[in-house]
Q: 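Can you read through this structure? Questions will come right after.
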Amino acid sequence: MADAATATAPAQAQGSEPPRRDFLKLVTAAMGGVAVGAFAWPFIASMNPSASVLALASTEVDLAPIAEGQAITVMWRGKPVFVRHRTPEDIAAARDVNLAQLPDPQPDSARVQKPEWLVMIGVCTHLGCVPLGQRPTDQKGDFGGWFCPCHGSHYDTSGRIRRGPAPRNLEIPEYTFLTDTSIRIG
């Protein structure tokens with residue numbers, strides 16, 4: 001019987017040890033997690049955009065001085081943005097396209113908020129060149145829009161790729177009309 005009493009005493013002592021060890025392991029792991037988080041936080045925070053980049057997050061454009069048929073280029077986030085006041089002929093040409101013939105089919109109505117104003121990022125989707133077509137003297141390509149002379153991409157009056165190696169249409173940035181004569185890009 002004495003053997004049974006001594007056998008239960010160590011079992012009780014051992015039975016109280018595992019919960020204390022589990023608690024110590026849990027506290028140690030939690031402190032390690034806090035230490036890793038405190039160490040990593042400055043590195044994660046350094047990846048946030050700087051104040052100068054956030055200042056460029058949006059830009060406002062006054063559309064009033066842009067005559068019908070005229071185009072301007074504004075800079076937004078370091079990229080050229082083409083704003084064109086389209087003529088009724090430009091709008092008709094953009095709408096009268098068989099979408100099945102386009103490499104990147106997209107209706108004109110999905111690319112504009114108001115038919116007379118086309119706003120898009122002026123960077124060719126092939127290799128990042130800036131297409132010609134903003135100035136009256138520029139070559140506008142076979143479809144009256146823009147032409148990238150580097151590799152021969154032709155864009156129509158809606159900025160859609162019609163011929164050449166570019167895989168996609170010119171991108172449309174987020175923009176909103178603040179008034180009938182001003183927009184905010186971004």
Q: Can you list the residues that meet the side chain to side chain contact (heavy atoms under 4.5 Å, CB included) rule with Ala110, with sequence neighbours excluded?
A: Gln106, Pro107
Q: Hydrophobic clustering (ILVMFWY, side-chain heavy atoms < 4.5 Å, transitive) - are Val74 and Phe82 grouped together?
A: yes
Q: Donor-acceptor check, side chain of Thr179 to backbone of Thr181, threshold 3.5 angstrom: yes or no?
A: yes
Q: Determine whether Leu63 and Trp117 satisfy the following criterion, side-chain contact (heavy atoms from CB on, under 4.5 Å), listing intermediate values before the conclusion.
A: CA-CA 9 Å; Leu63 304 175; Trp117 294 105; 3.7 Å; yes
Q: Lys114: which residues meet the salt bridge (charged side-chain N to carboxylate O under 4.0 Å, His left out) condition with it, sequence neighbours left out?
A: Asp180
Q: Any side-chain heavy-atom pair from Glu171 and Met120 closer than 4.5 angstrom?
A: no
Q: Can you name the nearest heavy-atom pair linking Trp76 to Pro173, along with the distance?
A: CZ3-CB, 3.7 Å
Q: Filter on side chain to side chain donor-acceptor pair (under 3.5 Å), then keep only pairs touching residues 122-135, sequence neighbours left out; what's left?
A: Thr73-Gln134, His126-His151, Gln134-Trp146, Arg135-Asp138
Q: Are Met31 and Phe23 grouped together when hydrophobic residues (ILVMFWY) are joined by side-chain heavy atoms under 4.5 angstrom apart?
A: yes
Q: Can you tell me how far the OG atom of Ser158 sits from the CG atom of Leu170, to the nearest 0.5 Å?
A: 9.5 Å
Q: Is it possible for you to say whether Leu118 and Phe177 belong to one hydrophobic cluster, with membership spreading through side-chain heavy-atom contacts below 4.5 Å?
A: yes
Q: Is any side-chain heavy atom of Tyr175 closer than 4.5 Å to a side-chain heavy atom of Arg184?
A: no
Q: Going by side-chain heavy atoms closer than 4.5 Å, which hydrophobic residues are tied to Val97, directly or by a chain of links?
A: Leu99, Leu102
Q: Honestly curious: do Ile185 and Val123 fall in one hydrophobic cluster under the side-chain, below-4.5 Å linking rule?
A: yes
Q: Please tell me if the side chains of Met75 and Pro80 come closer than 4.5 Å, counting only heavy atoms from C-beta onward.
A: yes
Q: Under the salt bridge (charged side-chain N to carboxylate O under 4.0 Å, His left out) criterion, do Arg168 and Asp104 qualify, and how do the steps go?
A: CA-CA 6 Å; Arg168 296 179 320 279; Asp104 185 10; 5.8 Å; no
Q: How long is the gap from CG on Asp156 to CG on Asp96, to the nearest 0.5 Å?
A: 11.5 Å
Q: In Å and rounded to the nearest 0.5 Å, what is the CD1 to OG distance from Ile161 to Ser153?
A: 4.0 Å
Q: Do any pairs count as a salt bridge (Lys or Arg N to Asp or Glu O under 4.0 Å) and have a residue in residues 83-92, sequence neighbours left out, and if so which ones?
A: Arg86-Asp108
Q: Quick one, Thr176 and Ile183 - any side-chain contact, counting heavy atoms below 4.5 Å?
A: no
Q: Please report the closest heavy-atom contact between Tyr155 and Ala166, naming both atoms and the distance.
A: OH-CB, 3.3 Å
Q: With a 4.5 Å cut-off on side-chain heavy atoms, are Val61 and Val81 touching?
A: no
Q: Can the ring centroids of Phe143 and Phe147 be said to lie less than 6.0 angstrom from one another?
A: no
Q: Nearest 0.5 angstrom please: Arg95 CZ to Thr157 OG1, how far?
A: 10.5 Å
Q: Go through the structure and list residues passing salt bridge (charged side-chain N to carboxylate O under 4.0 Å, His left out) with Arg111, not counting sequence neighbours.
A: none
Q: So, does His154 use its side chain to make a donor-acceptor pair with the main chain of Asp142 at under 3.5 Å?
A: yes
Q: Is there a side-chain contact between Gln70 and Pro136 (heavy atoms, below 4.5 Å)?
A: no
Q: Contact between Val130 and Cys124 at the side-chain level, heavy atoms closer than 4.5 Å - yes or no?
A: no
Q: Counting C-beta onward and ignoring hydrogens, is there a side-chain heavy-atom pair between Pro103 and Pro167 closer than 4.5 Å?
A: no
